[in-house]
Amino acid sequence: FKVTKEDIDAYKLQSVADTPKVLVHLKKDSSVRVLTIHGHQDEVVSVQNAFRFDEEIANHSLHVIKQANHNFNGIKYLDEMVEQIVTFYNSVYNET
């Protein structure tokens, strides 16, 4: 699975209201792997959205940072986020 420039451009045009459309697509395409890192203290986007993704997307990995806000408190949780991304990346590319 590769993300193309067209995919990115289409994503930029989506709004939060399009989340159900994204979920429908991801439910259909089980080859897509998704990692969500979400701050539990996020007041912009509810952490419930992350929990919903985790329930509805088959190949979904969720990591919630308990004290992080929408911006992950600046760089405070950078090491934890990088660790999660590297672990996820390795899990995806070590399967092939």
Side-chain angles (χ1 to χ4, degrees):
F1 177 74
K2 292 184 180 183
V3 177
T4 66
K5 181 179 180 329
E6 291 78 20
D7 294 328
I8 293 169
D9 290 342
Y11 178 78
K12 288 178 184 176
L13 296 175
Q14 294 176 348
S15 69
V16 174
D18 290 330
T19 299
K21 291 179 189 173
V22 172
L23 284 175
V24 167
H25 173 74
L26 292 174
K27 283 182 191 180
K28 290 180 183 176
D29 190 350
S30 63
S31 69
V32 176
R33 300 283 307 268
V34 178
L35 168 65
T36 299
I37 301 175
H38 201 102
H40 196 271
Q41 303 302 319
D42 190 335
E43 294 180 357
V44 178
V45 178
S46 172
V47 71
Q48 295 306 316
N49 288 354
F51 293 134
R52 179 178 173 199
F53 276 18
D54 198 43
E55 290 175 7
E56 296 193 24
I57 299 172
N59 289 323
H60 184 260
S61 297
L62 173 62
H63 182 75
V64 176
I65 301 175
K66 198 170 191 175
Q67 299 301 320
N69 63 15
H70 186 69
N71 296 316
F72 299 98
N73 305 69
I75 63 170
K76 185 173 181 180
Y77 298 102
L78 183 61
D79 290 342
E80 184 174 348
M81 292 187 319
V82 169
E83 180 182 338
Q84 291 300 314
I85 293 166
V86 169
T87 299
F88 178 78
Y89 180 87
N90 288 336
S91 75
V92 170
Y93 288 99
N94 287 334
E95 286 183 359
T96 57

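The shown structure was predicted, so the numbers you read here are calculated from the model rather than taken from an experiment.
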Side chains of [X] and [Y]: does their closest heavy-atom pair fall under 4.5 Å?
X     : Y     : result
Ile37 : Phe72 : yes
Ile85 : Leu35 : yes
Arg33 : Phe88 : yes
Val34 : Asn59 : no
Ser61 : Gln84 : no

Spacing of [atom1] belonging to [X] relative to [atom2] belonging to [Y], to within rounding of 0.5 Å:
X     : Y     : atom1 : atom2 : value
His40 : Gln67 : NE2   : CD    : 9.0 Å
His38 : Asn69 : NE2   : CG    : 10.0 Å
Glu55 : His60 : CD    : NE2   : 10.5 Å

Verify the cluster assignment for [X] and [Y]: are they in a single hydrophobic cluster under the rule of side-chain heavy atoms below 4.5 Å apart?
X     : Y     : result
Phe51 : Ile57 : no
Val64 : Val86 : no
Leu62 : Tyr89 : no

*Got a donor-acceptor contact below 3.5 angstrom from the Asn94 side chain to the Asn90 backbone?*
yes

*Hey, does the side chain of Asn73 reach the backbone of Lys76 with a donor-acceptor pair shorter than 3.5 angstrom?*
no

*Closest heavy-atom pair and its distance - Val44, Asp42*: N-OD1, 2.6 Å

*Considering non-hydrogen atoms only, spot the tightest contact between Ala50 and Thr36 and give its length.*
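Heavy-atom minimum between the residues: CB-CG2, 4.0 Å.
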
*Any side-chain donor paired with an acceptor under 3.5 Å for His63 and Glu80?*
yes

_Under the rule for side-chain hydrogen bond (donor to acceptor under 3.5 Å, both in side chains), what residues qualify as partners of Glu56, not counting sequence neighbours?_
Lys27, Arg52

